[in-house]
Amino acid sequence: MIELILLIGALIVSLIIVIKSADVFVDNLVEIGAALGISQIILGVTASAIGTSLPEFGSAMIASLSGSTDIGVGVVIGSNIWNIAGILGITATFAGVIKTESRDLKRDGLVTLGTGLILIFFMFFGDIGRIASVFMILLYLVYLWRLIKDQKKFDAEEKVKKEKLVEFDSEKEFESETKTSRMASIDKKKLALVCVGLGGLIVGCRILVYSGVELARIAGIPEMIMGLFTLAIGTSIPELVVTFSSAMKGLHELSLGTVLGSNTFNILIGIGIPALFMSIPVEPLSMSFDAPFMIFVTVLLIVLIKTGGNKLNRTGGLILMATYITYAVLRLYVLA
Amino acid sequence: MYEKILVATMGEYMDDLIEHTVDLLHGRDAEVICVYVVETSVPFLTPKKVKEMMAEELTERGKEILVDMEKAFTGPDYSNIKFKGLMLEGSPADEIVKTAEKENVDVIVMGTGKSIVDKHLLGSVSEKIVHHAPCTIHLVRTA
Amino acid sequence: MLVIKLNLITLHNRLKLMSEKMFKKILLPVMGEYIDELAEHTLEMAQGKQIEVIGIYVIDTSVPFLTPSNVKKLMKEELSQRGDEILANLTSKFNTPSTYMINLKKVIVEGDPAEKIVEIAEKENVDIIVMGTGKSIIDKHLLGSVSEKVVHSTPCSIMLVKTVN
């Protein structure tokens, strides 16, 4: 009993360490990148693409390397199902609405769907090996490049729009233009913080995976379940807070973008990079149920948004939440 | 812009409410409906006699208030205003919201209500009405 | 009862003396929605007289625990840019020949919207705040409402413009 409580405590503490470390790591890395003269756009897009997903990646990576590949795959697929059905469901239900631009939905939604199908495709051939791995990583780089290109285009459009605004608004100064890359010297403190963040991420993920594995053993449940639910939901806390608070503030692009971007990253990098080091075995049930369900919720999301006139409303949110509960019940009680 | 105004009053700050109402109209034709609600809810176990007495007392007070309001709004300076007094019974917030909806008024004029301490302890009719927001609401600073 | 009677004696005199101009300084918080309605009601208050309107946009900086700091920064930038746009839009509404009497001052601040609105209303000593009635009832229960919080601790009169059906 005491062991159980200690393990749950370790799970929670390590989760907070992982999430905070990921934040410190990305944040300081961006600052160093800026000091090195890397474009703000590239840094911004990359940081927001991987920032919230580092906990999933870290725990999937550590789990796979320490031999618990089931947990690794579970975290990735579980997170993806939770991100859409759970997080977007909760957010849309409480915030009332998540809006999207047709263009963004097309890009991010289809990419998310596509990466899901690619994962299933590779799963057909049994274990996920090095060829699949390289393909997925390259695909992610292409996606990232595309994101950066879109952002550049968007920034250029914004600039034009701003210049038009100036006509109305002559008294207003635009300080944003003066924000040119200040070539600050690389701060030793920032470098140290990057190392601290990375260290915290590794150690935190190690404890997280360990307590997850041990908990599964004591409670007598499969590791896969542990990964699919406990770790997947835990490591997705950053997505939850970002998606929810940005929807509340009316920053809808960020809201949906966080979830879809995270799902793409989880598959292509969360499975892609561990597969570079070792072949990832595919469990029959995740092939026949979890992965297809992940595709199903992605399609469901796109359909809900499309039928709701490019937005996810409260009804859609409730449908998504009900879908997640159905999934959890089926997976935990019916198929177990 | 405002053709039908509901003025909710409990007998306090009447000059302020009248002043704001007149200012909203600035001489244009409008119907002003003055509402006083006799609050009939009493704590559990209140003797029936006491309840009746309270209702009577409040009705009496309501009449006086509405008469005063009518006087205030029917002077020669206010030929533009068509006055209507209305006395209701029930929960003040509910009745005011209901009347606003039924009469399809453009704006409700009322006080901001009690001080913050009182609001926490007693709840405020104004806040309840704001919560339901049946139409535009003009809250006159009173506390 | 006595109080009311006494009030009424002075009432008629007071109404006649009443200043032609009750609202000299209006605080107009904008969130980006219903700007047309809010501007219309503000103009109505002005009634062709010279008034000062303070258009305010509050950047809501609160984020949940564990929000990555770069996301927090991004949100803040995004919102402050939106604030600029909204206030510019407001300026264009009050920049027409028929609104010459409105003297618009723009303010962008960071913090909790309701708190900041009340704080600025106090500091600037405004006569009235004009804002929307806010969200639908379901949303109010789930999220709370800035308007209701402002009503709760208001230092002055408030005009709540009906914005939701």
Side-chain angles (χ1 to χ4, degrees), chain B residues 1-2 9 11-28 57 60-61 64-65 67-69 71-73 75-78 100 105-116 119-120 124 126-143, chain C residues 1 3-23 37-38 40-41 43-49 118 121 126-137 140-141 144-145 147-165:
Chain B
M1 187 160 191
Y2 309 115
T9 171
E12 286 169 301
Y13 312 108
M14 281 168 52
D15 331 4
D16 297 315
L17 294 181
I18 294 166
E19 199 180 345
H20 277 254
T21 307
V22 170
D23 198 75
L24 284 179
L25 291 176
H26 54 99
R28 284 180 307 206
E57 179 74 43
E60 228 14 73
R61 184 186 299 178
E64 285 180 45
I65 289 170
V67 168
D68 288 347
M69 285 297 242
K71 271 187 211 149
F73 277 122
D77 296 344
Y78 305 123
V105 303
D106 300 309
V107 60
I108 298 176
V109 177
M110 61 186 178
T112 47
K114 315 178 181 84
S115 71
I116 283 221
K119 277 181 186 168
H120 278 289
S124 136
S126 302
E127 294 196 353
K128 274 185 218 150
I129 294 171
V130 165
H131 188 72
H132 290 277
C135 59
T136 295
I137 303 172
H138 186 96
L139 290 171
V140 179
R141 168 78 179 161
T142 51
Chain C
M1 222 43 46
V3 182
I4 297 163
K5 286 272 151 64
L6 282 175
N7 275 346
L8 274 171
I9 295 171
T10 53
L11 190 61
H12 278 267
N13 297 334
R14 273 197 55 189
L15 285 178
K16 271 174 203 148
L17 288 172
M18 202 178 68
S19 72
E20 273 291 293
K21 198 160 132 185
M22 276 188 75
F23 309 114
E37 282 95 330
L38 292 174
E40 186 190 355
H41 280 256
L43 281 174
E44 171 72 19
M45 300 239 121
Q47 296 170 10
K49 287 163 291 191
V118 170
V126 303
D127 301 307
I128 188 162
I129 302 172
V130 176
M131 58 194 297
T133 46
K135 317 179 178 84
S136 70
I137 283 222
K140 279 182 184 171
H141 278 287
S145 135
S147 302
E148 295 197 356
K149 278 186 221 149
V150 173
V151 166
H152 188 73
S153 40
T154 179
C156 59
S157 294
I158 302 183
M159 182 69 150
L160 289 175
V161 177
K162 171 81 172 161
T163 50
V164 182
N165 293 317

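Hydrogens, waters and symmetry mates are skipped; everything else that's a heavy atom, side chains included, is used. Labels below follow one simple rule: chain letters A, B, ... track the order of the sequence lines, proteins then strands, and each chain is numbered from 1.
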Enquirer: Which bit of Ile108(B) is near chain C, if near means a heavy-atom gap under 4.5 Å: side chain, backbone, both or neither?
Expert: neither
Enquirer: With side-chain contact (heavy atoms from CB on, under 4.5 Å) as the test, would you mind laying out the steps for Val130(B) and Leu160(C) before giving the verdict?
Expert: CA-CA 8 Å; Val130(B) 165; Leu160(C) 289 175; 3.6 Å; yes
Enquirer: Quick check: does any side chain N or O of Arg141(B) sit under 3.5 Å from a backbone N or O of Ile158(C), one acting as donor and the other as acceptor?
Expert: no
Enquirer: Would you mind reporting whether Val151(C) and Leu139(B) have side-chain heavy atoms less than 4.5 Å apart?
Expert: yes
Enquirer: Measure the spacing between CE of Met45(C) and CG of Leu24(B) and express it to the nearest 0.5 Å.
Expert: 5.0 Å
Enquirer: Check the pair His131(B) / Glu148(C) against side-chain contact (heavy atoms from CB on, under 4.5 Å), numbers first and verdict last.
Expert: CA-CA 7 Å; His131(B) 188 72; Glu148(C) 295 197 356; 2.8 Å; yes
Enquirer: Pick one of side chain, backbone, both or neither for Glu40(C), based on which atoms fall under 4.5 Å of a heavy atom in chain B.
Expert: both
Enquirer: Taking all non-hydrogen atoms of both residues, which atom of Ser157(C) and which atom of His20(B) are closest, and how far apart?
Expert: OG-CE1, 3.5 Å
Enquirer: Measure distances from Ile128(C) to the heavy atoms of chain B and classify the residue's part below 4.5 Å as side chain, backbone, both or neither.
Expert: side chain
Enquirer: Taking Pro134(B), Ser126(B), Gly111(B) one by one, which has the highest count of heavy-atom pairs under 4.5 Å against chain C?
Expert: Pro134(B)
